[in-house]
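Quick notes on the structure that follows.
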Amino acid sequence: PQKTSFHRSQTLGYKNGFAFSRLPTVGIGGERLYVNQLSQAELDELSNVRPTLTYGQAKQAPPSGFIPAHVAFDKKILKFDAYFQEDVPLSAEEHYRIRQVCIYYYLEDDSMSVIEPVVQNSGLPQGKLIRRHRVPKDDHGDHYHWKDLNRGMNITMYGRTYRIVDCDPFTQVFLESQGIELNPPEEMVFDPYTELRRMPARKYVTPSDFDQLKQFLTYDKQVLRFYAMWDDTDNMFGENRPYIIHYYLADDTVEVREVYKQNDGRDPFPILIKRQRLPKTFMEKKKTFPSCVLEISDQEVLEWYTAKDFAVGKSTTLLGRTFFIYDCDEFTRNFYRDKFGITDFQPVEIKKKPLEEVPQVIPPYNGFGFLEDSLQNCFSLLPKPPRKDIIKMLENHHKVLRYQVALESPNPEDRKRRFILSYFLSNDMISIYEPPVRNSGIIGGKYLGKTRVAKPGSTADNAMYYEPSDLTIGSTIEVFGHRFVITDADEYVLNYMESNAESFPAATLQSLRDHFRPRQVVKETANSDIATIGTSKQELDELIRQVQEELKLHKSLNNKNIREAFLQCNKDGSGMLDKAKFLALCDSLGVPTKAFLVNKV
């Protein structure tokens with residue numbers, strides 16, 4: 001009754017991954033057992049001891065415990081290194097290919113698998129060539145056994161023959177423990193094409209000191225730049241033109257590029273001589289040599305142009321053109337200083353011949369259109385309209401000075417005609433209009449459209465036009481052969497000139513003042529009479545303003561109620577109230593009433 005634990009002891013154990021049985025040391029409830037205390041070795045020894053004091057035949061020892069193959073050979077694998085040969089029919093570089101594989105034999109179920117190590121970027125289907133299973137040996141249903149495997153032998157599986165060359169140490173120990181005599185190991189055969197690819201590339205040693213590849217790798221993207229001039233003034237239409245000469249150090253080629261300036265009138269062909277090796281000295285050519293169709297090679301050239309042939313301050317002849325080098329860039333100076341020890345790079349100043357100035361002769365004005373507009377045809381094939389003074393147009397927009405003029409004519413009918421001359425300040429144009437007069441026999445209307453009128457004696461080279469300073473009272477102006485006398489002007493003319501007195505001569509301004517003085521005297525007399533009448537009105541307006549400001553100080557007043565109360569007192573509609581009633585009404589509505597304001601009202 002005192003026992004609390006009734007579990008049984010564990011009799012199954014594992015060691016190195018293998019299961020084994022062990023004898024219990026305690027019984028149910030943890031009681032100690034006094035039987036089966038001998039070790040397994042002692043028990044085995046006692047079972048094999050034959051009793052001497054027995055009658056009859058001795059008893060046989062009990063058989064040992066049966067262990068199945070999947071337990072005895074679990075995780076025990078035989079590994080063999082092998083290879084097979086594969087034909088390559090469609091290749092000019094290899095005729096066969098050696099492929100190395102590993103053959104695995106699993107002892108627990110006598111199955112086999114063939115695996116080829118994967119090589120990256122090989123282009124071949126590698127990996128598991130034969131999956132794990134029992135591989136048939138022949139057509140009779142037999143399968144391969146580990147007794148059939150040995151080093152230095154061929155084994156055929158599914159039509160492919162594998163050559164076994166070696167095995168791992170565990171396989172060697174296992175086969176020797178089973179009494180199999182192993183053949184000596186063989187060397188693994190490698191693929192000849194793969195070994196050829198692993199060999200370093202063949203290096204060629206150039207017999208001479210000059211190496212084009214070394215020159216290219218050393219001087220790649222390094223270019224000498226020279227600034228040159230080609231003087232072709234001796235020929236007809238020739239000129240002195242600038243060029244840039246490029247010498248490429250990587251392959252000793254020369255390129256000549258043209259220099260274009262803005263609006264020089266030349267087509268954009270940037271290269272005069274394309275990049276090529278330029279011959280300096282030719283060999284004696286035969287008359288039958290087709291030089292016009294055959295490229296020049298080393299056999300026809302005795303010497304080519306090199307970097308030594310270019311120097312600042314010297315002339316160089318390239319394909320029949322003589323170029324004078326007057327300067328070079330900073331990289332070129334450093335190269336010549338380090339390579340050849342040259343230190344004199346003083347640039348040569350090129351003096352350009354001054355161009356002969358051709359005088360421009362302007363033809364006489366033909367009278368069509370404006371002078372400035374017609375003059376543009378002499379400056380360009382595509383004439384542009386003359387520029388306008390936008391600031392002047394914006395400031396004087398709709399500003400017109402109007403004058404009354406009379407036609408000066410020997411005909412008595414024309415002497416009575418009156419015209420309106422309008423001077424537009426925005427563009428200095430003049431227009432003349434004749435007001436129609438009934439029963440005069442002359443049709444009025446536009447006499448002259450808006451145009452600029454030139455003064456007498458004006459020429460195309462020195463054009464002078466009428467200005468507001470020329471339009472004085474009594475002066476005569478000539479408009480396309482007709483003479484007009486200014487007799488009157490608007491008051492706006494006088495006001496405008498007085499406000500801009502610094503822009504007009506004093507004589508013009510004084511003539512207008514003398515003309516308008518009698519009118520101003522009459523106007524001032526009339527204004528003085530009107531001023532006496534307007535004084536009382538000004539006082540009343542001032543009184544109303546004071547009353548309104550006083551009422552604004554009291555924001556609590558209701559203007560609507562005040563208006564209705566005053567309208568109720570004005571029942572007769574006369575609009576009149578005596579002083580007592582007015583004060584009483586203001587007191588009832590709470591309107592402030594100051595004595596001096598009430599007296600004024």
Side-chain angles (χ1 to χ4, degrees), residues 365 367-376 385-409 414-436 444-524:
Y365 177 56
F368 292 97
F370 296 109
L371 178 61
E372 293 83 357
D373 197 5
S374 301
L375 193 61
Q376 297 297 323
R387 273 192 167 186
K388 299 180 180 180
D389 192 351
I390 303 299
I391 304 299
K392 182 179 180 181
M393 293 176 63
L394 295 175
E395 291 179 351
N396 300 313
H397 188 53
H398 291 316
K399 292 183 180 181
V400 184
L401 305 181
R402 296 196 302 171
Y403 301 87
Q404 181 179 343
V405 296
L407 182 61
E408 189 180 77
S409 175
D414 294 337
R415 295 175 186 172
K416 298 180 181 180
R417 297 173 64 181
R418 296 293 179 265
F419 300 88
I420 304 298
L421 186 146
S422 301
Y423 188 92
F424 298 89
L425 295 172
S426 59
N427 51 13
D428 299 330
M429 290 189 178
I430 294 176
S431 68
I432 299 177
Y433 174 77
E434 183 179 7
K446 184 186 291 185
Y447 186 81
L448 176 67
K450 290 177 64 174
T451 183
R452 300 182 70 181
V453 180
K455 294 181 181 181
S458 178
T459 59
D461 298 333
N462 187 17
M464 296 181 296
Y465 298 96
Y466 279 108
E467 298 179 354
S469 59
D470 302 324
L471 305 178
T472 60
I473 302 298
S475 63
T476 302
I477 61 174
E478 184 175 345
V479 180
F480 300 114
H482 298 273
R483 297 172 63 85
F484 292 89
V485 180
I486 300 176
T487 59
D488 197 2
D490 283 347
E491 290 187 8
Y492 176 76
V493 179
L494 178 61
N495 297 333
Y496 177 78
M497 290 190 177
E498 286 181 345
S499 61
N500 301 277
E502 67 278 359
S503 303
F504 301 99
T508 303
L509 188 57
Q510 188 62 34
S511 67
L512 289 172
R513 289 174 179 172
D514 295 343
H515 178 72
F516 284 100
R517 183 173 291 109
R519 299 183 187 179
Q520 291 179 354
V521 172
V522 175
K523 187 180 295 184
E524 290 175 359

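All heavy atoms count here, side chains included; hydrogens, waters and symmetry mates do not.
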For this session: Check whether the side chains of Tyr423 and Asp428 place a donor and an acceptor atom closer than 3.5 Å, and report yes or no.
Result: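 The criterion, which ignores hydrogens and geometry beyond distance, is satisfied for Asp428 and Tyr423.
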
Exercise. Are the side chains of Leu421 and Leu471 in touch, meaning some heavy atoms are under 4.5 Å apart?
Worked result: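 Yes; the side chains approach each other to less than 4.5 Å.
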
Exercise. Is there side-chain contact between Val493 and Phe516, with heavy atoms separated by less than 4.5 Å?
Worked result: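 They are not in side-chain contact.
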
Exercise. If you count the non-hydrogen atoms of other residues, nucleotides and ligands that lie under 6.0 Å from CZ in Arg418, is the total more than 12?
Worked result: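 Counting other residues, nucleotides and ligands, CZ of Arg418 exceeds 12 neighbours.
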
Main-chain N/O of [Y] paired to [X] side chain as donor or acceptor, under 3.5 Å:
X	Y	value
Tyr466	Glu478	yes
Ser469	Pro505	no
Arg483	Ser409	no
Thr487	Gln404	yes

For this session: Run the numbers on Leu448 and Phe419 for side-chain contact (heavy atoms from CB on, under 4.5 Å), then give the verdict.
Result: CA-CA 10 Å; Leu448 176 67; Phe419 300 88; over 6 Å; no

For this session: To the nearest 0.5 Å, tell me how far Leu509 CG sits from Asp514 CG.
Result: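 Interatomic distance, Leu509 CG to Asp514 CG, rounded to 0.5 Å: 9.5 Å.
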
Exercise. Do the charged groups of Lys455 and Asp470 touch, with an N to O distance under 4.0 Å?
Worked result: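 Yes, this pair counts.
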
Exercise. Can a cation-pi geometry be assigned to Lys450 and Phe424, taking NZ or CZ under 6.0 Å from the six-membered ring centre and within 45° of the ring axis?
Worked result: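 Output yes; distance and angle both within limits.
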
